[in-house]
Amino acid sequence: MSQANNGVQIEDLAPEHFHDQAKAALADPQLRQNFRGAMDYLTDKRKIAFSDPTEEKRIRDLSAAIRQRSLSKLPDLLEQLETNCTNNGIQVHWAETTEQANSIIAGIAGQHNAKNIIKGKSMVSEEIELNHEMEKLGIECLESDMGEYIVQLDGDKPSHIIMPAIHKNKQEVSDTFEKHLDDFTPTVDVDELIKTGRTRLRKKFHDADIGLSGVNFAVAETGTLCLVENEGNGRMCTTVPNVHIAITGIEKVVEFLSDVPPLYSALTRSATGQAITTYFNMISSPRRAGELDGPEEVHLVLLDNGRTQAFADEEMRQTLQCIRCGACMNHCPVYTRIGGHAYGTTYPGPIGQIISPHMMGLDNTKDLVTASSLCGACGEVCPVNIPIPEMLQRLRQEAKNSPKNNRPAIKGQAAAASRIELLAMKGFAFAASHPSLYHLGSWSATKMRSLMPSKIGPWTQCRTAPKPAGKTLHQLIKARKQGQKS
Amino acid sequence: MRIYPAKPVKVYFYATCLVDLFDPQAGLDAITLLEQQGIEVIFIEKQTCCGQPAYSSGYDQEAKIIAQSQMDLFTENWPVIVLSGSCGGMMHYHYRRLFKDDQNQTQVDDFCERVFELTEFLVNVCRIKLKDQGENTSVVMHTSCAARREMNVHVTSTQLLSQLDNVKIREQDYESECCGFGGTFAVRHSDISQAMVEDKTRHLSETKASNFVSADWGCLLNINGSLEYQGNPMRGRHLASFLLERTGGK
């Protein structure tokens, strides 16, 4: 177990400890500097990639429309995907929970007596804590994405969905390698660091029993799994070992093959500012007769884990439009300051704040839904137009209130309900809708301005207490009118 | 893009509770600016607060009670000029969401369509032409996130400032970044909010501008409070007051 964020133990990271984790991150100047630098770099890159606002709008509207159309037919498309994948020779498995997903993967590994898995990038495998679960069964999982590899060496967790090791600078990566790799000469030369990782991983691809990957788009029309990557490790994972297991959330399905290019463009531009990535893999079957490479078996695991809850509510269904580009994180002023670990969830930042309640329940994530100033930067950059601030607003409401008749209940519904706060809000609503009471309140505040306390809770931890004016605008206008009359 | 009406004879003025309590002069200055445009300004005394604190905290029922009570006050078909992008966003945009499944949806939509933030109204409806009468000076502006992303009125604020010949606009680093207020966010997540407001004050200070203005009192409450706490003499004031002063209105 290693440490991150000033002493918070990695394995203890949980959304319930958000306040402490955020506080620890804020107190770590190196971490804050790493995140600010990395986020600035990524936001600048995205800005250049979308330098034409008309083009940006066109791509976003098109991508959003494709995702909405796919989601509107989700159950049918999933069945079509299963049929076409099966016809192509891909074995399809359904997992409602993370436990089921792990047991399916363990089952496949068991059939092949597999002892080691080499992994391409997959956030869903983080979601089900695959490495940890497989380790319990004596199966070693090795991360082959450079960022994931660094994070794994450290016993750490990803702090970003696209760039898992973004919380570390090159010196820290060198330190990690020095600590865990034999014969490594410390260096801050990035090319040299990457070369080190690549060399160490090369042989592992060859020896692995199973290659595991995520999926960026699953095409229902053709039964094709699309994988977007830059390092080539994804291609190695899905072609070299004899068995390939792909795991994905059920929302990643799209209707047509022609839906993919616009989404791909939106994804790469939003994530890293690239027009296209170095690799784009389309996997439509296991190795066919006469083919020189490719796995003998391909499996697809489709995971629910709370996604149908989001799907059931038409408004919150928009959450599932996400194509996991990470742009919302890169532009979020909260994420930029506290980093990904502080959230204590697989998916951090704004998208994590709205998807995690469906996965983990509002009872566990109630602090996350309030951890936003609702500044709207996330919604402004989302390449598929998810109204993230509205989703946060909605979840805040569900965290405070019991389910309404016309809406399905959410896991952990009303977990943040507070009698005292409700009474205060009722009082506020009563005063604000009864002008005489409101005027009495504001008049009293002006009269007692010199008696205002200098400390008012957390507000004054970094600010002075606000001082009411000597007279309210209501009073001044009254006086002004009288003046005009006389 | 919003389609703007022709300049009306009368408008309602919505001061917001923060201006009412903390900077009433900004309210009077905004009224004067509108009156200078030949518009009669009606101030409904029964107005209170737009209900945003309840709404953003997840208390939709309470927010609706407040929203309904406010909408009921503005019965004539005149524009409602709001002195804050954030409250403007609440009344122009979020009221629609709040009453989405209600029977009086049309009434709500009609009201929301009549809501304008001060600067967008001055620029797009009044087509105001400002004549700067002050000495050479510099200004840095902070626009609220709602003004920027919900109302798109950061543009009109800048357009107003750039009409002032003797005022040089200075841009701060991370201009579009939130100041960390976010209503109850500032107290629910005080540590994160602190990090945000301290960065914002640093970026504003680094411009060394002689004036700091904003069209949102929520942000000003936050940023000014932090500046004062740090012993930094810079203070923000409402854009309306600055504009009136520059054009010789006071």
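Naming convention: chains lettered A, B, ... in sequence-line order (proteins, then strands); numbering from 1 in each chain. Keep in mind that what you see is a predicted model, and the values were worked out from it rather than measured.
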Whatever's closer than 4.5 Å to a heavy atom in chain A on B:E177 counts as side chain

From the list B:L28, B:D60, B:I65, the residue making the most non-hydrogen contacts under 4.5 Å with chain A is B:D60

Under 4.5 Å from any heavy atom of chain B - which part of A:A445: side chain

Given the rule in the side-chain hydrogen bond (donor to acceptor under 3.5 Å, both in side chains) test, do A:R463 and B:S190 qualify, once you have shown the distances and angles that lead to the verdict? CA-CA 11 Å; A:R463 307 169 194 88; B:S190 53; over 6 Å; no

Any side-chain heavy-atom pair of A:T472 and B:F22 under 4.5 Å: no

Given the options B:C17, B:A146, B:G51, B:G183, which has more heavy-atom pairs under 4.5 Å with chain A than any of the others? B:C17

A:S436 versus chain B, heavy atoms under 4.5 Å apart: side chain, backbone, both or neither? neither

Quick one: are B:I31 and A:R480 in side-chain contact, heavy atoms under 4.5 Å? yes

Side chain, backbone, both or neither: which part of B:S193 has a non-hydrogen atom closer than 4.5 Å to chain A? both

So which part of A:H439 gets closer than 4.5 Å to some heavy atom of chain B, the side chain, the backbone, both or neither? side chain

What part of B:Q230 lies closer than 4.5 angstrom to a heavy atom of chain A: side chain, backbone, both or neither? neither

Interchain contact, A:F18 with chain B, by part (heavy-atom threshold 4.5 Å): side chain

Within 45° of the ring axis of B:Y59 and under 6.0 Å from its six-membered ring centre, is that where the NZ or CZ of A:R396 lies? no

Which atoms of A:S372 come close to chain B, meaning under 4.5 Å heavy atom to heavy atom: side chain ones, backbone ones, both, or neither? backbone

Please report the interatomic distance NZ(B:K46) to OH(A:Y438), rounded to the nearest 0.5 Å. 15.0 Å

Do you know which of A:R36, A:Q475, A:K426, A:E398 has the most heavy-atom pairs under 4.5 Å to chain B? A:R36

The reported gap from CH2 in A:W443 to CG in B:L21 (rounded to nearest 0.5 angstrom) is 13.5 Å

Is the backbone N or O of A:A371 less than 3.5 Å from a side-chain atom of B:R188, with the two atoms forming a donor-acceptor pair by type? no

A:L422 portion near chain B, given a 4.5 angstrom heavy-atom threshold: both

Taking the basic N atoms (NZ, or NE/NH1/NH2) and the acidic carboxylate oxygens, is any pair closer than 4.0 Å for B:D199 and A:R337? yes

Contact origin within B:N222 toward chain A - heavy atom pairs under 4.5 Å: both

Over 12 foreign heavy atoms within 6.0 Å of NZ, A:K23: no

Got a salt bridge between B:E228 and A:K467, using NZ or NE/NH1/NH2 to carboxylate O under 4.0 Å? no

A:M425 and B:Q61, any side-chain heavy atoms less than 4.5 Å apart: no

Run the salt-bridge test on B:R97 and A:E390 with the 4.0 Å N-O cut-off and return the result as yes or no. yes

Is it the side chain or the backbone of A:R32 that comes within 4.5 Å of chain B heavy atoms, both, or neither? side chain

Between A:V334 and B:F185 the two heavy atoms that sit nearest each other are CG2-CZ, 3.9 Å

Backbone of B:G182 reached by a side-chain donor or acceptor of A:S373 within 3.5 Å: no

Polar contact flag, side-chain donor to acceptor under 3.5 angstrom, A:Q397-B:Y55: no

At a 4.5 Å cut-off on heavy atoms, which part of B:S57 comes close to chain A: side chain, backbone, both, or neither? both

Pairs of heavy atoms under 4.5 Å with chain B: top-ranked of A:L476, A:V369, A:L395, A:T43: A:L476

Tell me, side chain or backbone of A:K400 under 4.5 Å from chain B's heavy atoms, or both, or neither? side chain

Just say parallel, tilted or perpendicular for the rings of B:H189 and A:H19, cut-offs at 30° and 60°. parallel

May I ask you to test the B:F13-A:L473 pair for a side-chain heavy-atom distance under 4.5 Å? yes

Is there a side chain to side chain contact (heavy atoms under 4.5 Å, CB included) between A:K481 and B:E45 once you walk through the steps? CA-CA 12 Å; A:K481 269 187 195 157; B:E45 280 190 24; 4.1 Å; yes

Considering only heavy atoms, which portion of A:E421 lies under 4.5 Å from any heavy atom of chain B: side chain, backbone, both, or neither? both

Count the heavy-atom pairs under 4.5 Å between each of B:P53, B:A15, B:C50 and chain A, then report the option with the highest count. B:P53

Side-chain donor-acceptor pair under 3.5 Å between A:Q461 and B:D191, yes or no? yes

Counting C-beta onward and ignoring hydrogens, is there a side-chain heavy-atom pair between B:C145 and A:L374 closer than 4.5 Å? no

In terms of heavy-atom contacts, A:L26 and B:A195 come closest through CD2-CB, 3.6 Å

Given a strict heavy-atom distance threshold of 4.5 Å, which part of A:A399 is in contact with chain B: side chain, backbone, both, or neither? neither

Using a cut-off of under 4.5 Å on heavy-atom pairs, state which of A:A416, A:G470, A:S433 scores highest against chain B. A:S433

What's the spacing between B:I66 CD1 and A:F430 CZ if we round to 0.5 Å? 12.0 Å

A:I477 side, atom CD1; B:F43 side, atom CZ - distance, nearest 0.5 Å: 4.0 Å

Comparing A:A429, A:A469, A:C462 against chain B, the one with the most heavy-atom pairs below 4.5 Å turns out to be A:C462

Note: A:E314-B:K100 ion pair, threshold 4.0 Å (strictly below): no

Any side-chain heavy-atom pair from B:Y174 and A:P333 closer than 4.5 angstrom? no

If I compare all heavy atoms of B:I44 with all of A:H474, which pair ends up nearest, and what's the gap? O-NE2, 4.4 Å

Okay, B:E150 and chain A: the region with an atom under 4.5 Å from a heavy atom over there is neither

Non-hydrogen side-chain atoms of B:L221 and A:W459 separated by less than 4.5 Å: yes

Which atoms of B:C179 approach chain A - backbone, side chain, both or neither, heavy atom under 4.5 Å: neither

